[in-house]
Every structure is written in structure tokens, then in C-alpha cells.
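Below is one structure, written out as C-alpha cells; the observations come after it.
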Amino acid sequence: MNIFDHYLNKIILLLKQECNNNRIKLPSNLNNINVEIPPNKFNCDLSSNVALILSKINQQSPIDLGNYLKTILLKDEYIDEIDVVKPGFLNIKLKRIFWSNFVKQILYKPDEYGINRAEKKKSYLIEFVSANPTGPLHVGHCRGAILGDVLSNLLLFTKNQVTREYYVNDHGNQIIHFSNSVFLRIREILYKEKFPNDNVDLYPGEYLIEIANIIINNHKNVKFDNFHDVSEFLTEQSVLESLNMIKKNLKNLGINHDNFVSEKSIVLNKDVEKVVEKLNSKNFLYKGKISAPERKQSKNYQERDQLLFKSTDFGDDKDRALQKSDNSWTYFASDAAYHNNKLNRNFDVLINILGSDHTGYVKRITSVVEALSGEKNKLVCKVSQLVKLIKDGKPFKMSKRKGDYITVEDLISEVGKDATRFIMLNRSSDVELDFDFTKVKEKSKDNPVYYVQYCYARISSVFRNLKNKDISINDNVNLVYSPEEIKVLRKISEWPKCLEISSQKLEPHRLTTYLYELSSEFHSFWNLGKNDKTKRFINENNSITNEKLFFLKLIMIVVKSGMRILGVNTPEKM
RNA sequence: GCGCCCUUAGCUCAGUUGGAUAGAGCAACGGUUUUCUAAACCGUGGGUCGGUGGUUCGAAUCCAUCAGGGCGCGCCA
């Protein structure tokens, strides 16, 4: 249960009663009234702005109104005291019996904690990674991949339906260049023909040699004399082998997609023609010219009539081309077809995770989805900003042209899956992220991954050292918690709120922040036991009180489920 | 020139969707281990929330505008 929502509802109910009895006036909109986490210094459990919101309409000062509301709220069986503070906040302190019930309630249904059953559940399609099948994943793909995966976990945890999808761009010029590169590598291996290093269209990466070797070994009877003769076969095989590499990378990152949708199959199925027809019938297409880009370098731009989609109707800067000069479809056209395909599958919400280099693409694709579906926020695009790699205090850049970029494989073998996932989510996706190899590998409190894992390991060690640990929960047990323990319980009580905001805003980085804070509260409490034996978990009889046992279990539940959503392990020993 | 993102302590960043005296970590300095894991804890110092104007009981948060940084900007995918 979310105690903040719970008390907000209680307060609103009481206000309505007071209003019916003509003792106070209420505005038509009560949405601004809230019950929040109080700032740390106040030592209370809940905080509400009711008096501030209602003071105007009731023509009373917030403090006076607050004092009146206080007398009403104190009738609640679990409210211990209320302070009316400066501008007019009500700071509410709950009785110890409340915390006793709170703990028991979670332990009755540990798997349910944090899930808002009242909330409307939706079905989501999350498209993420969708890197071109022209080689293994590199660090640049990593952040978006983890973001999409954890977002999926999060929405699933809160009982929504989620489909994880990868769009395979196995069609178009890039793929031709790619399979041509594989062809030349095959020639290099078989006939010692030198691979041309000066052609910018070709893919220079070393992994192409690997792919070439696999294809040679699997198809010994195929002759690689002329690219055009084998191009179809070779493209298929090259894409297949790249996808195998990518899937292996994803697996090592702990990511599993439900679907891989092929662009080629969309094109061959004439889905592009269908979507063009659909857009045309809705009057969103026309033949016309678009202006040259405003950038200084592009001087040799030639205007010509082409088939355009009216994305400016939806707020885009310019209308967008669907056909190239050779009358083949643009990437945008086939992507429109793919999104139409998504819409036909009847999801409530579509989410695309994109890298920052695709920001310019967001408007046209949301526009076309709006045009096709008639719904404004049907497609939500989350853009994740760049990752800056740092090693030994110095940034190091990767360059795709030279083919010497850092792969996901390098990353994982260097710092491990857990640290990679946690650190990639340690910041809001809206800001650039420093990924410092030396720091991420560090095993100390400076490294948030270990800090949270260590919290779990410490709790596990208590259970290892205990003899009697199976005390069953009982309605009649009244758990009496100390102020220090209640401090930790308050943090526990914020968990459902954290989950709710994270899933509403699609911001999983809030989980890492929360887990770090919870761990910090726990470590502080742990260290109190150094000076005060009564604060230790295991007492002289090598046993544990109900309070402490349940307290530990609670923290374990939250840390474990939080880390599960992040896809990070919680080892019992460190 | 246009679009998106960012600007908060010396550094890296949170900030509960407009609230209270703005919070962490790092770095600096000082302390804590006969005791459940010191991969930890406690304390001290550190701020014009990029600038300016506006909206209101109240702004880091919303609006306008300016400045600085990042990413992108024909039919490449």
C-alpha cells in the first residue's frame, strides 16, 4: 500500500464531510491537495499542503485553517500528533501501532508490495536497441538497451503487459554495403585479395572476418566469384550472423526480446504500399518540394517534387519524404509501415527507446503514428543521451569508421553485467552519463552497485548466523519499533511511491537513487549496533526479536525486488 | 539558422510532477573496528539552483527572453 495515497484519500473524505456540513468550503478541483514525504529535518511521517490550498477559498490563514483541520484529523485512529508548521503544512506523525501493522501487512503478501492494484493496467509495446544488423553491439547501444529492458521490467512488475521488440533493419543500402564488405572479406580469406581500406562505404571492422569465416565454413559449396550472383544469399547469411552476435551480446547483458521484426518482411509484404494508401486516404500526403536544409554545408541540394507526408500538421519542422529519387521507399516510409503494424496489434501505448543521435527523428515518427491512430500520445519516444567513457581520468572516444570501437562484450568482460546495468541507470536518461571504468570496477562505497549489494549481503549474513529464524507472523503480535528503526521504515514506505512515479514518467533511474538511499539508511542503522548492543540484530542468546526479524525481511524484500527490476544480482556473500 | 536535451556545492549528479532553512556522493579535514561483513558509519566546511523578466500565498520546478554546452538537421538506417 502507498501510505501517502492512503492518507490523501482519508483527508479528502474528511474534507468532503466537513464541506457537506458547511464547516469548510472546497474548490471544484482538489487535485492540488497532496500528502508527501516530509523533509528529513521534521521527524514526522507524512506532510500535507491541504491548509495552504484551502486557505484562500475559506478566507482563513493557512495556519488557522491548519489548526482546525488538525482537530478533525486527530480523530484518525493511527495519527499520533500533527504539527502545523510555518507556511501552513500539516506534519503528521503516526502511532507506533501503525508501523506495526504496516510491517505485518507487507509480510503477509511480500510479492505485492509496491504494486498499485487500483491503478489502471495497460499493454505496452517497447521497441528498443534495434541496432542495425551489421555487427556486434557497442557501448553506444548499451544505455538504451538497459533503459528499455528495465522499463519493461518495471512496467511488468506493476502488473502491466509488456512486449519487448527489436526492429531489424535488414533492408536498404547499409545492408548492401555490409554484405559487400563481407564478400570482400571472403575474397580476402579465400584468394588473398586485399580488402580496400579507402572505401568509406565499406565496413572495416575486424568482426567481419569472423563472419566471413563462419559463412565460408557453413557453405563450402558456394562460389564467391561475383557479388551480384551471391548477394541475396550473402546478405541473408551476413544479417543472420550479425544478429547472432547481437543476440549473444543482449543475452550477456541480461536482455531478452519477445519479438524480432524484420524490415525486409514488412517491405516484401507490401506493408509500405498499404500504409501509404492509408495515409493518402486520410489526406496526409501530397506531391511537393521541401526546402533545403538550413545547414551551411549543403549547397548542392536539388529541389524536386516528391511524395511527402504532412508532418508539419503535427508540429514537425518540415514535411517528410516517403520516396527516394529512384522511387524506392525511404527509411521513414518503411518505419511508418512498421508502426502501422504495431498499431494493428492493439497496444495501449507504444514506446520507442532511441539514442540521442535520433532526436531529430522523434517528431516525424510520433506525427505519423498520430496521423494513423488519431491519438495524440499513442507513441512515446524516450531519448537517452550520450555515454561518455572515461578511463584513468581521461575520456576516450570510439570511432565507427576505423572499426575500433568498444563493444558490449569488452564492457562486460571488463566491469561485469551488474555494474554495467546499475551504472547505466544511475542517472536520468536526459543527461549525459560519465561511465568511468576505474570507478565502476571499484569495490567500495564509492560504487553504488556494491553499496546496495552490500546492504543485502549484510542482512544475509545475519540470517546465516542465526539459529531460530522462522518466527511466523501473527495478528496478535504488536511490533514496537524504535525511532531509528522507524526512520528506515519510512524509507520503506516510500517504495510504492517511487515505483509509481518511475513507471508513470518512464524514469527507471529513480530506482537506483531510491535503493541507494534505502541502503544508506540501513548501513547507518547497522553501525548503531557498534556502540549500542540493543541495536544489534542478533542478541546474546544468538536469537532475534520479532521486530528485528521482520525489519530485516522487509528490507530484503524491497532491495531484492528493486534489484530484480534493474536486472542486478543480490549476492548473499561479498 | 532550426529542433530536442542539459546548466543546481570545487567535481559528478538527485530533487517526490509549484511548497518549508535546496539534498547526496566524490574531493578536503577530523573521528569510529575486543561486538551480526569497515565493500560500512559519524562529524565539519562548502550554494545568487546559468542571467533577466513574468505567473502566485509560494518557483530549482511553469511561461517569456538571453547566454553557455551536447546531439541532430536532404531521399543513411
Side-chain angles (χ1 to χ4, degrees), chain A residues 4 32 34 36-42 47 49 52 55-56 61-62 85-89 91 130 132 134 169 171-175 177 263 290-296 298 301-304 306 316-318 320-326 328-335 355-363 383 385-386 426-432 434 436 439 442-448 450-451 453-455 457-466 494 497-498 500-501 504-505 509-510 513 516-517 520 523-531 533 536-539 542 544 573-574:
Chain A
F4 305 95
N32 290 328
N34 63 33
E36 285 297 336
I37 302 162
N40 240 329
K41 58 196 163 190
F42 285 110
S47 168
N49 65 351
L52 287 159
S55 78
K56 203 173 189 180
S61 79
V85 185
K86 260 197 294 179
F89 288 99
N91 284 343
S130 298
N132 286 351
T134 53
N169 300 130
H171 185 262
N173 288 330
Q174 290 301 316
I175 292 297
H177 293 319
E263 180 186 5
I290 39 173
S291 57
E294 305 294 328
R295 217 175 7 162
K296 282 156 199 165
S298 56
Y301 179 81
Q302 296 210 325
E303 276 194 3
R304 60 173 197 92
Q306 52 192 155
D316 201 356
D317 320 340
K318 47 174 80 174
R320 302 295 172 175
L322 293 164
Q323 271 177 317
K324 303 181 195 172
S325 51
D326 64 355
S328 66
W329 300 115
T330 60
Y331 176 77
F332 174 58
S334 72
D335 210 19
S356 61
D357 51 341
H358 288 85
T359 37
Y361 195 71
V362 172
K363 267 196 182 153
V383 175
Q385 298 299 318
L386 283 180
N426 205 23
R427 300 279 178 248
S428 153
S429 57
D430 286 340
V431 303
E432 285 186 13
D434 286 353
D436 189 325
K439 275 189 187 165
E442 215 165 277
K443 296 197 171 181
S444 75
K445 74 189 177 80
D446 301 351
N447 190 336
Y450 292 106
Y451 189 79
Q453 286 181 325
Y454 187 48
C455 164
R458 271 183 156 174
I459 296 173
S460 302
S461 82
V462 174
F463 283 99
R464 270 199 305 278
N465 293 324
L466 267 181
E494 295 171 18
K497 203 175 167 64
C498 172
E500 233 164 278
I501 295 163
Q504 265 169 34
K505 300 181 99 169
H509 76 279
R510 289 166 187 272
T513 308
Y516 185 87
E517 287 169 0
S520 171
H523 288 310
S524 294
F525 185 81
W526 178 280
N527 277 277
L528 292 176
K530 302 262 178 219
N531 296 324
K533 280 191 175 178
R536 301 186 72 215
F537 292 99
I538 299 174
N539 58 31
N542 202 15
I544 187 168
K573 271 187 191 175
M574 286 174 77

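All heavy atoms count here, side chains included; hydrogens, waters and symmetry mates do not. Throughout, a chain's letter reflects where its sequence line sits, starting with A, and its residues are numbered from 1.
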Within less than 4.0 Å of OP1 or OP2 of [N], is there a side-chain N or O belonging to [X]?
X	N	answer
A/His509	B/G15	yes
A/Lys41	B/U21	no
A/Tyr450	B/A38	no
A/Arg304	B/G74	no
A/Lys530	B/U32	no
A/Arg464	B/U37	no
A/Asn173	B/A77	yes
A/Lys86	B/U21	yes
A/Asn465	B/U37	yes
A/Ser356	B/G72	no

### Task
Measure the spacing between CG of A/Asn447 and NZ of A/Lys439 and express it to the nearest 0.5 Å.
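Between A/Asn447 CG and A/Lys439 NZ, I get 10.5 Å after rounding to 0.5 Å.
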### Query
Can you list the stems that include RNA chain B, where a stem is three or more consecutive Watson-Crick or G-U pairs with distances under 3.5 Å?
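Output for stems: B:1-7 with B:67-73, B:10-13 with B:23-26, B:28-32 with B:40-44, B:50-54 with B:62-66.
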In whole Å, what is the span from the [atom1] atom of [X] to the [atom2] atom of [N]?
X	N	atom1	atom2	value
A/Asn34	B/U17	CG	P	6 Å
A/Tyr331	B/C76	OH	C1'	10 Å
A/Asp316	B/C2	CG	P	16 Å
A/Ile37	B/A24	CD1	P	15 Å
A/Asp430	B/G70	CG	P	18 Å
A/Tyr451	B/C13	OH	C1'	16 Å
A/Glu263	B/A77	CD	P	8 Å

Nearest-Å distance once atom [atom1] is located in both [N] and [M]:
N	M	atom1	value
B/A64	B/A77	C1'	38 Å
B/U7	B/G50	P	7 Å
B/G15	B/G54	C1'	24 Å
B/U33	B/C41	P	16 Å
B/U56	B/G10	C1'	36 Å

### Task
Please state whether the rings of A/Tyr516 and A/Tyr451 are parallel, tilted or perpendicular, taking 30° and 60° as the class boundaries.
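Answer is parallel, since the angle falls under 30°.
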### Message
Please check this pair: side chain of A/Asn49 against backbone of A/Asn32, looking for a donor-acceptor N/O pair closer than 3.5 Å.
### Response
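Checked: pair present.
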### Query
Do side-chain atoms of A/Asp434 reach the backbone of A/Asp436 as a donor and acceptor pair under 3.5 angstrom?
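No, A/Asp434 side chain to A/Asp436 backbone: no donor-acceptor pair under 3.5 Å.
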### Task
Measure across A/Gln385 and A/Glu432 and return the closest heavy-atom pair with its distance rounded to 0.1 Å.
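That closest heavy-atom pairing would be CB-N, 3.8 Å.
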### Message
Regarding B/A20, can its base be found pairing with the side chain of A/Ser47 as donor and acceptor, where the two atoms are less than 3.5 Å apart?
### Response
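Side chain to base: pair present.
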#### Entry: Any side-chain heavy-atom pair of A/Asn169 and A/Gln174 under 4.5 Å
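No, every pair of side-chain atoms sits at 4.5 Å or beyond.
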### Query
Do A/Phe89 and the base of B/A20 stack face to face, with centres under 5.5 Å apart and an angle between planes under 30°?
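The ring of A/Phe89 is stacked on B/A20.
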### Query
So which one's nearest nucleotide on RNA chain B is more toward 5', A/Ser520 or A/Arg427?
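With A/Arg427 and A/Ser520 compared, the 5'-side residue is A/Arg427.
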